[in-house]
Amino acid sequence: MSGAHEQQTDPYLWLEEVTGDRALDFARAHNDVVVERFATSDRFNDLEHRILDMLDTDTRIPYPTRRAQWLYNFWRDAEHPKGLWRRTTFAEYATDSPEWEVLIDLDALAAAEEENWVWAGAAVLRPAQSLALISLSRGGADAKVVREFDMRTKQFRAPEDGGFHLPEAKSQLSWIDADSVYVGTDFGPDSLTDSGYPRIAKRWQRGTPLEDARTILEGEASDVAVSAGYDRTPGYERHFVSRATDFYNEIAYLIEDDGTLRRLDTPTDASVSWYRDWLLLRLKTPWEVGGASYPAGALIIIGLNEFLDGARNFETIFTPDEHTALHGYGWTEHHLLLITLEDVQTRLYVLTSTEGGWTRETLTDVPPMATTNVMNLDPLEGGDEFMLTSSGFTTPATLLSGSVGGPTTLLKQEPGFFDAEGIETEQFFARSDDGTMVPYFVIRHRDRRGQAGPTVMSGYGGFEISRTPGYNGASGMGWLERGGTWVMTNIRGGGEYGPQWHTQALKADRHRVYEDFSSIAKDLVARGITTAPQLGAVGGSNGGLLMGVMLTRYPELFGAIVCQVPLLDMRRYHHLLAGASWVAEYGDPDKPEEWEYISKYSPYQNARAEKPYPPILLTTSTRDDRVHPGHARKMAALLEEQGHTVWYHENIEGGHGGAADNKQMAFQAALIYEFFTQLLMDEQADGAAPDGH
């Protein structure tokens with residue numbers, strides 16, 4: 001192909017026809033080659049079965065969602081590959097073998113309806129908890145069917161009997177009361193945004209046609225989405241609606257009793273939430289208001305009614321620093337719990353409002369080189385109780401329960417799924433091209449210290465998503481047990497050091513993501529941890545774009561690359577599926593001044609026949625309706641045409657997650673580790689350079 005700055009006719013546009021016969025034939029033919037090369041050996045089969053056994057075993061923690069007296073759980077295992085939606089009480093859950101009330105058997109439902117249903121969530125109406133809105137996806141797509149479910153009869157309520165029902169779309173449906181909901185869906189022409197999400201929020205009354213639902217707010221086609229909801233906190237009930245003008249900016253309104261909208265005069269890029277009388281803002285950019293200045297990443301608080309009356313005297317309850325960022329927060333009945341990241345390691349604090357202001361104490365001690373999160377806060381009916389989940393790279397997950405001011409007790413603990421004896425975790429920092437120190441974790445056997453060995457580094461670097469330590473049995477079985485080194489990077493674009501870690505890499509500054517990742521690759525070699533021919537890289541979605549850039553811009557740094565459900569054609573990404581919603585992250589390629597910087601890294605436009613590339617495995621899903629499968633298909637076809645070593649595998653189902661059930665998940669995980677094992681271990685041991693070098 002010609003230079004990246006030139007617009008060319010795309011010879012592979014036909015691969016964007018998601019279910020076109022020719023495109024699916026392309027996928028099937030390539031799948032056969034991949035399976036034959038990587039998925040037929042005893043080693044592959046053994047690993048696939050081990051991973052599947054791990055995913056199916058009942059020794060896993062059945063993580064619950066707490067709603068007052070009930071703990072809900074969605075569970076998959078070998079007997080129920082599509083899954084069970086079930087619930088139990090806390091007292092029963094705390095036993096070794098709790099009894100569960102099964103509400104929906106998704107395998108039975110899918111068989112009866114002859115649909116490949118994948119679970120997409122449940123919204124339970126409180127406090128009675130007798131009705132739920134069930135979301136079901138065909139094959140794992142983001143688009144879903146929403147149906148009302150009666151939890152007393154354990155039957156769906158048919159539309160002809162007055163049940164709420166939405167056909168397949170990227171819908172939003174939320175309870176107001178037993179007979180009314182807020183709805184956003186495909187109402188017909190011009191009712192969706194350019195990103196494919198609802199443009200209109202309506203209030204829908206039971207027993208009335210959807211077309212008669214009352215409009216609350218209409219957005220613009222260029223918005224990402226419009227949604228409405230209801231806060232049912234007793235004594236503090238509020239209706240609200242919001243309009244996401246792009247991925248990071250949202251205008252929020254309270255709905256007055258007469259139906260008029262009252263805009264909350266807050267920064268549109270701030271995260272806005274409230275609890276009872278309190279209004280909280282987490283700032284993404286600095287804000288000057290009321291004669292005070294608040295930095296990006298701060299969490300500030302004020303009385304909501306005071307704010308509505310014009311007051312702007314916020315109190316700062318968290319201020320970031322060079323090493324510390326806010327990772328999350330949530331309310332118990334009387335306290336606010338904070339999760340912070342201090343050089344990518346979690347700390348937990350409890351904040352309490354007193355007459356003298358907010359006090360802060362450590363909630364509980366947490367282990368190093370691990371991630372501990374607070375979950376299942378229920379300020380409506382749960383008092384000051386909470387649950388904690390914790391895991392590290394070699395430490396299986398634990399689930400604890402506690403209450404503010406009291407001890408924590410162990411509820412559940414998972415067994416180890418791989419041999420972690422002698423495997424240790426270290427944290428290092430690499431200097432990026434602009435001098436920024438970027439952290440990363442190295443997980444390897446202690447015997448590997450002082451000698452270079454096969455290494456795989458993973459990365460994401462986008463959308464302010466923080467990557468933190470956690471147990472991964474598949475990588476343990478498929479890589480660490482085999483003597484490999486695993487690396488998790490914390491490059492810019494993520495949120496590990498707060499919103500500025502993200503905003504430093506937006507749009508024209510996107511190059512910093514790629515400079516950070518490549519600098520870590522160089523640092524791994526400089527430290528003697530690996531060599532370029534022994535170094536692999538893996539990433540998915542936005543991380544798949546990262547892999548595409550590594551292939552085309554830094555090919556000399558890697559021996560093999562796995563690129564999953566990727567963005568790669570950045571000239572057309574905003575015209576494909578949900579791509580328009582990401583313009584705030586990457587820029588608009590239809591604007592010449594923005595295409596100027598996008599064109600410099602867009603992998604599809606920068607692939608060159610004359611450059612030596614490491615072998616690459618591209619994977620995607622036909623049912624991915626978020627990142628179009630055409631990205632991976634077209635890149636595979638182009639690289640093949642140019643003579644590079646490329647393998648391509650497309651799961652016909654699975655959505656953006658790439659897998660619709662545990663069996664597919666096990667296959668894909670085993671495929672990745674077999675790919676790296678063959679190219680970074682077997683071929684290196686044979687003394688041969690990987691294909692393409």
Side-chain angles (χ1 to χ4, degrees), residues 295-297 320-325 327 340-346 368-369 393 424-444 448-469 485-539 542-543 545-559 561 597 600-601 614:
D321 60 34
E322 184 179 356
H323 297 279
T324 307
H327 188 51
T340 68
L341 288 180
E342 300 179 18
D343 283 328
V344 204
Q345 300 190 52
T346 47
M369 300 291 182
F393 292 111
E424 55 189 15
T425 300
E426 301 167 275
Q427 187 181 39
F428 298 103
F429 291 79
R431 187 178 300 278
S432 193
D433 292 10
D434 64 358
T436 300
M437 301 304 293
V438 184
Y440 64 95
F441 292 92
V442 173
I443 306 94
R444 57 181 172 172
R448 286 287 175 187
R449 285 195 176 198
Q451 58 178 305
T455 299
V456 172
M457 56 187 295
S458 64
Y460 187 77
F463 298 94
E464 205 180 338
I465 294 174
S466 301
R467 304 178 74 236
T468 60
T485 296
W486 187 262
V487 175
M488 188 186 79
T489 63
N490 301 110
I491 57 181
R492 279 175 288 185
E496 289 88 343
Y497 289 97
Q500 290 177 302
W501 198 244
H502 172 235
T503 56
Q504 287 180 53
L506 286 177
K507 293 189 173 183
D509 295 321
R510 198 79 197 166
H511 60 92
R512 290 172 174 161
V513 175
Y514 314 126
E515 291 166 359
D516 287 359
F517 195 78
S518 61
S519 295
I520 293 174
K522 297 170 187 174
D523 198 59
L524 289 166
V525 174
R527 292 181 187 272
I529 293 171
T530 190
T531 63
Q534 293 175 296
L535 180 58
V538 59
N542 172 72
L545 171 59
L546 171 65
M547 295 303 106
V549 177
M550 292 303 107
L551 181 81
T552 54
R553 181 175 285 189
Y554 302 98
E556 71 283 356
L557 299 182
F558 302 97
I561 291 174
Y597 57 75
K600 293 178 180 177
Y601 68 78

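No hydrogens, no waters, no symmetry mates; every other heavy atom, side chains included, goes into these values. None of these values were measured; they are calculated from a predicted model.
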Original post:
Please walk me through it: do T468 and L341 pass side chain to side chain contact (heavy atoms under 4.5 Å, CB included)?
Top reply: CA-CA 9 Å; T468 60; L341 288 180; 3.9 Å; yes

Original post:
Are F393 and V442 close enough, and set up right, to give a side chain to side chain contact (heavy atoms under 4.5 Å, CB included), and what steps lead you there?
Top reply: CA-CA 10 Å; F393 292 111; V442 173; over 6 Å; no

**OP:** Apply side chain to side chain contact (heavy atoms under 4.5 Å, CB included) to F517 and L557, showing your working.
**Re:** CA-CA 11 Å; F517 195 78; L557 299 182; over 6 Å; no

**OP:** Apply the test side chain to side chain contact (heavy atoms under 4.5 Å, CB included) to residues I443 and F441: give CA-CA distance (whole Å), side-chain angles for both, the deciding distance (0.1 Å), then the verdict.
**Re:** CA-CA 7 Å; I443 306 94; F441 292 92; 4.3 Å; yes

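Remark: of the listed residues Q500, Q504, E515, H502, Q504 is the sole one forming a side chain to side chain donor-acceptor pair (under 3.5 Å) with R492. Residue Y497 forms a side chain to side chain donor-acceptor pair (under 3.5 Å) with just one option from T436, D321, D343, and that option is D343.
In terms of modelled atom types and a separation under 3.5 Å, the side chain of R553 and the main chain of K600 share a donor-acceptor contact. Judged purely by atom type and a 3.5 angstrom limit, W501 has no side-chain atom pairing as donor or acceptor with the backbone of S466. Side chain of T530 to main chain of P454: no donor-acceptor pair is present (N/O by atom type, distance under 3.5 Å, no hydrogens or angles). Side chain of T489 to main chain of S458: a donor-acceptor pair is present (N/O by atom type, distance under 3.5 Å, no hydrogens or angles). Here the side chain of R527 pairs no donor or acceptor atom with the backbone of F428 at under 3.5 angstrom. A donor-acceptor pair under 3.5 Å is formed between the side chain of N542 and the backbone N or O of G461. D433 contributes no side-chain N or O that, together with a main-chain N or O of R512, makes up a donor-acceptor pair within less than 3.5 Å.
Counting all heavy atoms, side chain and backbone alike, N490 lies closest to R467 at ND2-O, 2.7 Å. Heavy atoms only, all atoms of each residue included: G498 and A325 are closest at N-CB, 3.2 Å. Minimum interatomic distance between P439 and V344 (heavy atoms only, all atoms of both residues): CG-CG2, 3.9 Å. Considering all non-hydrogen atoms of both residues, F429 and D523 come closest at O-OD2, 3.8 Å. The shortest heavy-atom contact between F558 and I561 is CB-CG1, 4.2 Å. Summarising the geometry of Q345 relative to M369, their closest heavy-atom pair is OE1-N, 2.7 Å, with the distance given to 0.1 Å.
For the atom pair CG of L546 and CG of L551, the computed distance is 11.5 Å after rounding to the nearest 0.5 Å. Atoms OG1 and CG, on T531 and L524 in that order, are 11.0 Å from each other to the nearest 0.5 Å. Annotation: the span from L535 atom CG to K522 atom NZ amounts to 12.5 Å, rounded to 0.5 Å. Annotation: the span from R448 atom CZ to T455 atom OG1 amounts to 8.5 Å, rounded to 0.5 Å. D516 CG to R431 CZ: the interatomic distance, rounded to the nearest 0.5 Å, is 12.5 Å. For the atom pair OH (Y597) and CG (D509), the distance works out to 9.0 Å, reported to the nearest 0.5 Å.
Within a 6.0 Å sphere centred on CD of Q451, heavy atoms belonging to other residues, nucleotides or ligands number more than 12.
Take T425 and apply the side-chain hydrogen bond (donor to acceptor under 3.5 Å, both in side chains) test, not counting sequence neighbours, and it matches no residue.
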